**Student:** 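Take a look at this one; I'll ask things after.
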Protein chains: 2
Amino acid sequence: MMQSETASIQVLTTVDVVVLTLVDGVLSVVLVQRERAPFAGVWALPGGYIHAQEDADAHASAARVLRSKAGIEDAYLEQLATFSGPARDPRGWSVAISYCALIPQQKLPTPRQGLKMVPVAATGQLPFDHGQILQAALARVRSKSQYSSLPVHFFGESFTLPQLQQVYESILGEPLNKVSFRRKMDELGMLEPVPGQMQAGGAHRPAQLHRVRPEFRQQLALSARGL
Amino acid sequence: MMQSETASIQVLTTVDVVVLTLVDGVLSVVLVQRERAPFAGVWALPGGYIHAQEDADAHASAARVLRSKAGIEDAYLEQLATFSGPARDPRGWSVAISYCALIPQQKLPTPRQGLKMVPVAATGQLPFDHGQILQAALARVRSKSQYSSLPVHFFGESFTLPQLQQVYESILGEPLNKVSFRRKMDELGMLEPVPGQMQAGGAHRPAQLHRVRPEFRQQLALSARGL
DNA sequence: CAAATAGTGTCTGTAAGACAATATATG
DNA sequence: CATATATTGTCTTACAGACACTATTTG
């Protein structure tokens, strides 16, 4: 009954990161061009091996991969799920701890060779099981946007409530009631107006700029009943 | 910038399973006594290495561990989160893909040497980071019980609505409105009365037995607005 | 002032909870 | 029939969405 307690075949341990951002209001994912086999030259999610010598945990591995392969720092990063099996990577039985990162467009690195942002609906076929990982990330973001402040991580320092509502609507794929949305944001208590600042713009009343209160910077605000 | 793409230090890949059940209405966790170092003789969550030779994925590893180390079959099983780092296991840098299992008391194996059920509040200190994994499982179950049918997996074939409500209340730690609870269960549409059967019992009206509709057996029913 | 969008007040419908009446067992 | 719990009906309250009104900017 009790089998040997040694892992007799090496299991590859990797991290893959789904970096999401809004490019002109369109939910997009960061892809990098793979430099080596398997799938050399193919566009894929940024990923790589865990480096046991230097990584404090898989979260640190994901942050390192993000920095070294996509030039991204300071993204909001949360663990998604872990994918595994003998077939997902042609090199052998592998474990991929996947992470989801949200980052404002302004924090993206300058576009360069081997790095691009693609609307999530237009990635085409992705190597490994990266298509499945991307779908898991989208499901997570849509689900969490229904009851939490997750989408604020798509913005930088400050933003207006109409902008924020547009992002929620874009992610959820449905229009939201303006009054209810503002009531909810008020109840969550995570935003504060940036004193005196308004957004310049068109021939109309300018909107008040808001920012996330410091105590919510690295933490999500959750709503009991959604929105 | 681009570092070597080989995992130069072996990473241990394991699964750990938090098996939850209700023992006389008290939420309890299955612990097994470890047979070998590290922590030989200590009570811990059932866990073990991934066996790349035989496991189709980590989910299969978890099911195998459950069968071989705790004698449990056919539990509801879902992935929880993945814990990792150099310190959580004294053998070295390790990855533990954790799973949460729910099982009715009747399906538990006959108690035997090296296997016990402990109320979740009374486990005491657990080895590795199993305390943290247990807390993640409890948070998951409580969270999902607020808006899904997750707790039905604590029951076997059939159960009454008052029994089910008691379980929800026990998990959530607060009393629920009887009328609202029944309205919600009705809306979810996942239960059906077992024709003609009632539960025998005390000196009072017996409750109608219900069961999960076949199409919801391996899938949770989700509510839009909670409960 | 006309146009355009921001922000707010208020009404209405829906859904959740309180309360209570009815139903059906046992002794 | 007294008692105990199951089940259902109905009233009340709270909240979400619809609608419309006010506010503030540019040209």
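All values reported here derive from a predicted model rather than from experimental measurement.
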**Student:** Starting at atom CD of B:Gln163, determine the distance to atom P of D:dT7, rounded to an integer number of angstrom.
**Tutor:**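 Result: 11 Å.
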
**Student:** Assess the side chains of B:Tyr168 and B:Gln166: does a donor N or O sit below 3.5 Å from an acceptor N or O?
**Tutor:** no

**Student:** Can you measure B:Gln199 atom CD to D:dA6 atom P for me and round it to whole angstrom units?
**Tutor:** 9 Å

**Student:** Answer yes if the side chains of A:Thr82 and B:Thr82 hold a donor-acceptor pair under 3.5 Å, and no otherwise.
**Tutor:** yes

**Student:** Could you check A:Ala203 against B:His210 and say which one's nearest nucleotide on DNA chain D is further toward the 5' end?
**Tutor:**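 Upstream on the strand: B:His210.
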
**Student:** Just checking B:His210 against B:Phe159, ring centres under 6.0 Å apart?
**Tutor:**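 No, ring centres 6.0 Å or more apart.
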
**Student:** Within the pair A:Lys178 and C:dG7, is there a side-chain N or O less than 4.0 Å away from OP1 or OP2?
**Tutor:**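 Indeed not, no polar side-chain atom of A:Lys178 lies that close.
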
**Student:** Take the protein atom CZ of B:Arg182 and the nucleotide atom C1' of D:dG9, then report the distance between them rounded to whole Å.
**Tutor:** 13 Å

**Student:** Assuming nearest nucleotide by heavy-atom distance, tell me which of A:Val179 and A:Pro206 is located more 5' along DNA chain C.
**Tutor:**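 Residue closer to the 5' terminus by nearest nucleotide: A:Pro206.
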
**Student:** Over how many whole Å does the gap from A:Met185 atom CE to D:dA16 atom P extend?
**Tutor:**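 Checked: the CE to P distance equals 12 Å.
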
**Student:** Here's a test of your reading of the structure: between A:His204 and B:Gln208, which maps to the more 5' nucleotide of DNA chain D?
**Tutor:** B:Gln208

**Student:** Which whole-number value in Å describes the distance from B:Gln166 CD to D:dA6 C1'?
**Tutor:**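 Distance, rounded to whole Å: 12 Å.
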
**Student:** Could you give the CZ-to-P distance, from A:Arg183 to D:dC15, as a whole number of Å?
**Tutor:**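 After rounding, the reported distance stands at 10 Å.
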
**Student:** May I ask you to verify whether the side chain of A:Asn177 and the base of D:dA18 hold a donor-acceptor pair under 3.5 Å?
**Tutor:** yes

**Student:** For the side chain of B:Lys184, counting heavy atoms from C-beta on, which of C:dA25, C:dT8, C:dA16 is nearest?
**Tutor:**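 Nearest listed nucleotide: C:dA16.
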
**Student:** Looking just at side-chain N and O atoms, do B:Ser94 and B:Asp89 make a donor-acceptor pair shorter than 3.5 Å?
**Tutor:**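 B:Ser94 vs B:Asp89: no donor-acceptor pair found between side chains.
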
**Student:** Salt bridge check, B:Lys107 against B:Glu73: does any charged N sit closer than 4.0 Å to a carboxylate O?
**Tutor:** no

**Student:** Can you tell me how far C1' of C:dA15 sits from CZ of B:Phe181, to the nearest Å?
**Tutor:** 17 Å

**Student:** Given C:dG7, is OP1 or OP2 found less than 4.0 Å from the side-chain N or O atoms of A:Arg205?
**Tutor:** no

**Student:** For A:Glu187 and D:dA14, give me the distance from atom CD to atom P, rounded to whole Å.
**Tutor:** 14 Å

